[in-house]
Amino acid sequence: MNIITNPFAPGAGSPPPELAGRSPILEQGRVLCRRILAGRSEKSLLLTGLRGTGKTVLLNIMLQEAENLSIRTVFAEAHLEKPLSFLLASQLRTILYDLNRLAGAGNLARRGLAVLGSFVNGLRLSIGEVNLGIDVQPEAGTADSGDIETDLPQLLLGVALAAQERKTAIALLIDEIQFLSKKELSALIMSMHLMQQRQLPLMLIGAGLPVLPQLAGEAKTYAERLFSFPEVGPLSPADSSRALQVPANQLDVHFTDEALDEVFKATQGYPYFLQEWGYQAWNLSESPKIGADLIRRASEKVTRQLDQDFFRVRFDRMSPRERAFLLAMARIGTELCRTGDVAELLQIPSTATGPLRGSLIRKGMIFSPGHGLLSFSVPLFGEFMLRTSSRDMPQP
């Protein structure tokens with residue numbers, strides 16, 4: 001069939017042609033935006049899920065819906081190289097200047113710029129030279145200590161008050177939130193606590209790996225009362241079928257029931273993999289009817305493609321000792337494995353696994369769903385490790 005008209009969209013954050021099974025989560029986002037805009041209190045959202053479940057897609061949809069309501073938005077992707085303060089400051093500057101240009105009484109936007117200027121001065125204490133070109137005299141003594149747990153709540157208070165004065169709201173959307181340091185996450189939670197206490201129009205919509213609720217709880221014990229943690233998991237068989245069948249039917253193409261069963265078995269319902277299988281099956285098919293035999297042919301091509309790109313990129317970032325750890329988890333062969341079982345397979349003391357475990361969690365490859373338990377953060381990664389291991393497992 002025509003590759004140009006192929007409706008399927010595998011890619012990082014690419015919206016699928018049919019967003020199946022996510023309506024309840026999107027409705028939570030709509031309610032949050034409308035209640036905050038109306039001056040009502042509402043829990044912010046922290047989406048959790050494995051890689052490839054579509055968290056970034058949902059964040060982008062919520063961002064668009066917020067902007068459709070004239071809510072000012074900040075979108076950032078957390079990572080280990082840049083501090084949260086740096087990621088937020090330039091976008092908040094743009095919002096404050098925009099609010100300051102609006103006609104109307106009051107001058108809280110200009111004060112917000114002064115607080116931001118102080119915040120930038122504080123940033124210079126912690127990360128070095130920062131220049132955002134703010135032409136307002138900083139408000140000395142406010143948000144300029146260089147301690148993010150002190151400064152970020154003061155900065156966001158100034159931004160939220162400016163938004164309230166202009167009868168609008170602010171939405172912070174932060175992806176990969178598990179990469180924030182403990183102090184950064186604590187500062188963000190403290191800020192949202194302040195917003196709720198004063199019923200100010202600033203909300204947080206974040207996304208991260210399943211360890212996020214645990215990290216938030218460790219940063220601040222009251223986090224569970226500030227946030228909802230919608231789980232973005234694999235799709236059900238029915239929703240998986242819909243994700244493939246609806247866009248195909250719109251172009252007069254049809255998956256047989258046997259083909260859909262075969263795709264679900266291969267993908268386990270993970271949205272990213274559904275798009276990969278749909279994309280390759282479409283390109284291989286010579287007729288508008290896609291059957292199980294074609295899916296099996298497509299599976300061979302998709303597996304090679306994923307091994308070369310999706311999985312290999314992550315594998316290449318690992319040290320030999322980290323790869324050995326991941327291979328041990330794969331060989332245990334269960335969704336959850338115990339740290340002690342990994343140590344036994346590696347023939348090392350359990351106490352020696354701590355640094356490796358911590359490093360792999362920081363890199364987003366694994367997470368701990370419970371005490372002494374481990375699981376892969378990337379679906380089907382264990383199968384990849386087994387496929388790529390043709391020799392004896394390397395020893396750390």
Side-chain angles (χ1 to χ4, degrees), residues 9-14 49-57 76-83 87 175-181 207-212 234 266-268 270-277 279-280 298-337 339 341-343 345-348 352-369 374-396:
S14 299
L50 301 181
R51 302 286 183 200
T53 54
K55 300 185 298 298
T56 302
V57 169
E77 180 180 324
H79 51 85
L80 299 175
E81 284 73 30
K82 283 188 178 180
L87 295 173
D175 204 359
E176 302 286 7
I177 207 166
Q178 76 280 344
F179 287 137
L180 296 180
S181 70
L209 294 175
V211 72
L212 185 51
T267 64
Q268 299 177 23
Y270 286 101
Y272 174 78
F273 298 131
L274 287 169
Q275 295 301 306
E276 284 282 9
W277 258 264
Y279 183 82
Q280 296 298 342
S299 292
E300 297 176 7
K301 186 170 183 179
V302 173
T303 300
R304 288 196 302 272
Q305 192 77 27
L306 290 173
D307 284 358
Q308 292 170 8
D309 301 329
F310 184 79
F311 295 127
R312 175 62 61 176
V313 170
R314 291 162 171 80
F315 179 82
D316 288 345
R317 295 203 307 261
M318 304 301 114
S319 69
R321 297 178 72 236
E322 289 170 338
R323 293 174 187 175
F325 192 99
L326 295 174
L327 182 55
M329 287 179 59
R331 287 183 170 171
I332 290 170
T334 56
E335 183 179 350
L336 299 178
C337 59
T339 306
D341 293 338
V342 175
L345 202 53
L346 290 171
Q347 299 180 358
I348 60 175
T353 64
L356 285 171
R357 175 181 175 276
S359 174
L360 289 167
I361 288 175
R362 284 192 298 275
K363 290 182 178 181
M365 292 303 302
I366 64 174
F367 68 100
S368 176
L374 298 172
S375 186
F376 286 107
S377 300
V378 183
L380 309 185
F381 195 82
E383 290 88 333
F384 163 76
M385 291 298 300
L386 295 174
R387 284 195 299 272
T388 57
S389 175
S390 57
R391 303 183 302 275
D392 289 339
M393 183 170 57
Q395 295 298 316

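Worth saying up front: this structure is predicted, and the values here are computed from it rather than measured.
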Kindly state each residue pair satisfying salt bridge (charged side-chain N to carboxylate O under 4.0 Å, His left out) with at least one member in residues 306-316, sequence neighbours excluded.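 Only Asp307-Arg387, Arg312-Asp316 qualify under salt bridge (charged side-chain N to carboxylate O under 4.0 Å, His left out).
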By side-chain hydrogen bond (donor to acceptor under 3.5 Å, both in side chains) - contacts of [X] (at least two apart):
X      : answer
Ser368 : Arg357
Glu276 : Tyr272
Gln280 : none
Ser14  : none

[atom2] on [Y] to [atom1] on [X], rounded to 0.5 Å:
X      : Y      : atom1 : atom2 : value
Leu356 : Ile361 : CG    : CD1   : 11.0 Å
Gln268 : Glu383 : CD    : CD    : 6.0 Å
Asp341 : Leu374 : CG    : CG    : 10.0 Å
Leu327 : Phe315 : CG    : CZ    : 8.5 Å
Leu360 : Phe325 : CG    : CZ    : 6.5 Å
Met385 : Met329 : CE    : CE    : 10.0 Å

Side-chain donor or acceptor of [X] paired with backbone N/O of [Y] under 3.5 Å:
X      : Y      : value
Glu176 : Glu77  : no
Lys55  : Gly49  : yes
Ser359 : Pro355 : no

Please enumerate all residues that pass salt bridge (charged side-chain N to carboxylate O under 4.0 Å, His left out) together with Lys301, with sequence neighbours excluded.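 Scan of Lys301 (salt bridge (charged side-chain N to carboxylate O under 4.0 Å, His left out), adjacent residues dropped) gives none.
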Tell me every residue that passes salt bridge (charged side-chain N to carboxylate O under 4.0 Å, His left out) with Arg304, counting only those two or more places apart in sequence or in another chain.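 Salt bridge (charged side-chain N to carboxylate O under 4.0 Å, His left out) list for Arg304, sorted by chain: empty.
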What are the two closest non-hydrogen atoms of [X] and [Y], and how far apart are they?
X      : Y      : answer
Thr353 : Ala343 : CG2-CB, 3.6 Å
Leu50  : Pro210 : CD2-CG, 3.7 Å
Ala207 : Leu212 : C-CD2, 4.3 Å
Pro271 : Thr53  : CG-O, 3.5 Å
Pro379 : Phe273 : O-CZ, 3.5 Å

What pairs with Phe381 under ring pair (Phe, Tyr, Trp, His ring centres under 6.0 Å), at least two apart in sequence or on another chain?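 Expected list: Phe311, Phe376, Phe384.
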Any residue meeting side chain to side chain contact (heavy atoms under 4.5 Å, CB included) with [X], in chain and number order, not counting sequence neighbours:
X      : result
Ser377 : Leu209, Phe367
Lys82  : His79, Phe86, Leu87
Leu180 : Ala78, Leu84, Ile177, Glu184, Leu185, Leu188

In this structure, which one of Arg317, Glu322, Arg323 forms a side-chain contact (heavy atoms from CB on, under 4.5 Å) with Ser319?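 By the side-chain contact (heavy atoms from CB on, under 4.5 Å) criterion, Ser319 pairs with just one of Arg317, Glu322, Arg323: Glu322.
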